[in-house]
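Heads up: the structure comes next, in structure tokens.
Computed from a prediction, not measured in an experiment: that's the story for all the values here.
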Amino acid sequence: MARMVSAQKQTEFYHSDYDNLKRVRSIWICMGNGKDADSIEEISLSRNTVFGKIENPYQIDLMQGIIINLRSGEHLKDSQNTLVSMLEKLLSQMDVEEKKRILAEEFGMVMTAELEGRMKTMCNLSENIEARGIEKGIEKERADAIGRMIKAGATKKQIASYGYTNEEFEAARKLCM
């Protein structure tokens with residue numbers, strides 16, 4: 001958040017004209033918490049006058065952060081917070097049509113073309129993130145397998161016979177050293 005504030009120099013204000021700073025808000029959605037770990041936290045600056053009279057009450061609400069902690073897993077009881085409950089359902093593994101039905105029926109959202117488009121984009125994004133994670137896991141497992149073969153004394157030719165590429169072999173060899 002501090003970087004977002006400081007990035008305003010030469011765009012929102014110039015030289016020392018700090019009165020033109022814009023407020024910064026940052027919302028973080030943290031997924032994968034335990035089944036009782038749904039919460040919303042607020043992070044902000046606060047003022048506490050320890051001594052004396054305040055002459056110049058500077059603006060301290062420039063930065064505010066919100067952390068929304070979502071639970072993961074199937075068969076979760078609905079959260080007592082409507083926003084958390086909606087986000088947990090929206091970001092779950094169910095298909096897009098089921099999500100649209102839930103948003104309309106349980107949360108009273110009207111499915112406009114714009115909202116449907118955003119949902120499809122979001123679902124595609126989460127599928128891409130999952131696919132990248134799987135791909136990285138496969139790459140790591142392949143590198144680990146090559147590393148185990150190298151430690152066991154297998155030759156480059158023997159490892160290649162199992163379908164591993166030269167690039168994979170070289171990368172794993174460097175990690176083994």
Under 3.5 Å, side chain of [X] to main-chain N/O of [Y], donor-acceptor pair present?
X: Glu168; Y: Arg142; value: no
X: Lys156; Y: Asn166; value: no
X: Ser79; Y: Asn81; value: yes
X: Gln64; Y: Val24; value: no

Please tell me if the side chains of [X] and [Y] come closer than 4.5 Å, counting only heavy atoms from C-beta onward.
X: Asp78; Y: Glu88; value: no
X: Ile66; Y: Glu41; value: no
X: Ile29; Y: Leu91; value: yes

Would you give the length of the straight line joining atom [atom1] of [X] to atom [atom2] of [Y], rounded to the nearest 0.5 angstrom?
X: Leu62; Y: Met1; atom1: CG; atom2: CE; value: 11.0 Å
X: Arg23; Y: Arg25; atom1: CZ; atom2: CZ; value: 6.0 Å
X: Leu87; Y: Asp38; atom1: CG; atom2: CG; value: 11.5 Å
X: Ser39; Y: Arg71; atom1: OG; atom2: CZ; value: 10.5 Å
X: Arg118; Y: Glu114; atom1: CZ; atom2: CD; value: 4.0 Å

Who passes side chain to side chain donor-acceptor pair (under 3.5 Å) against Ser85, sequence neighbours left out?
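Testing Ser85 for side chain to side chain donor-acceptor pair (under 3.5 Å), a comparison that skips the adjacent residues, returns none.
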
Do you know the tightest heavy-atom contact between [X] and [Y]?
X: Ala172; Y: Ala143; answer: CB-O, 3.8 Å
X: Leu45; Y: Met63; answer: CD1-CE, 3.9 Å
X: Gln158; Y: Ala154; answer: OE1-CA, 3.2 Å

What do the steps show when you test Ile67 against Ile40 for side chain to side chain contact (heavy atoms under 4.5 Å, CB included), and what is the final call?
CA-CA 6 Å; Ile67 299 173; Ile40 299 176; over 6 Å; no

Does the pair Lys136/Glu139 count as a salt bridge with the N-to-O cut at 4.0 Å?
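No, this pair does not count.
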
For salt bridge (Lys or Arg N to Asp or Glu O under 4.0 Å), just list the numbers for Lys89 and Glu98, CA-CA rounded to whole Å, side-chain angles, deciding distance to a tenth of an Å, and then say yes or no.
CA-CA 10 Å; Lys89 289 176 181 170; Glu98 180 67 10; over 6 Å; no

Suppose clustering is done on Ile, Leu, Val, Met, Phe, Trp and Tyr with side-chain heavy atoms closer than 4.5 Å. Which residues sit in the same group as Met149?
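Noted: Met149 shares its cluster with Ile146, Ile150, Ile159, Tyr162, Tyr164, Phe169.
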
Is it true that, when you exclude Arg101 itself, more than 12 heavy atoms of the residues, nucleotides or ligands shown sit nearer than 6.0 Å to its CZ?
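Yes, enclosed.
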
Hey, is CD on Glu141 packed in by over 12 heavy atoms from elsewhere, all under 6.0 Å?
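Buried by this count: over 12 neighbours within 6.0 Å.
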
Decide yes or no on salt bridge (Lys or Arg N to Asp or Glu O under 4.0 Å) for Lys140 and Asp144, but give the supporting numbers first.
CA-CA 6 Å; Lys140 183 179 180 340; Asp144 290 347; 3.0 Å; yes

Under a 4.5 Å side-chain heavy-atom rule over Ile, Leu, Val, Met, Phe, Trp and Tyr, are Val110 and Met86 clustered together?
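In one cluster with Val110: Met86, no.
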
Kindly write out the residues that satisfy side chain to side chain contact (heavy atoms under 4.5 Å, CB included) with Glu116, not counting sequence neighbours, or none if the list is empty.
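Side chain to side chain contact (heavy atoms under 4.5 Å, CB included) check on Glu116 returns Lys100, Met111.
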
Quick one: do Trp28 and Ile68 satisfy side chain to side chain contact (heavy atoms under 4.5 Å, CB included)? Show the steps, please.
CA-CA 6 Å; Trp28 294 48; Ile68 303 171; over 6 Å; no

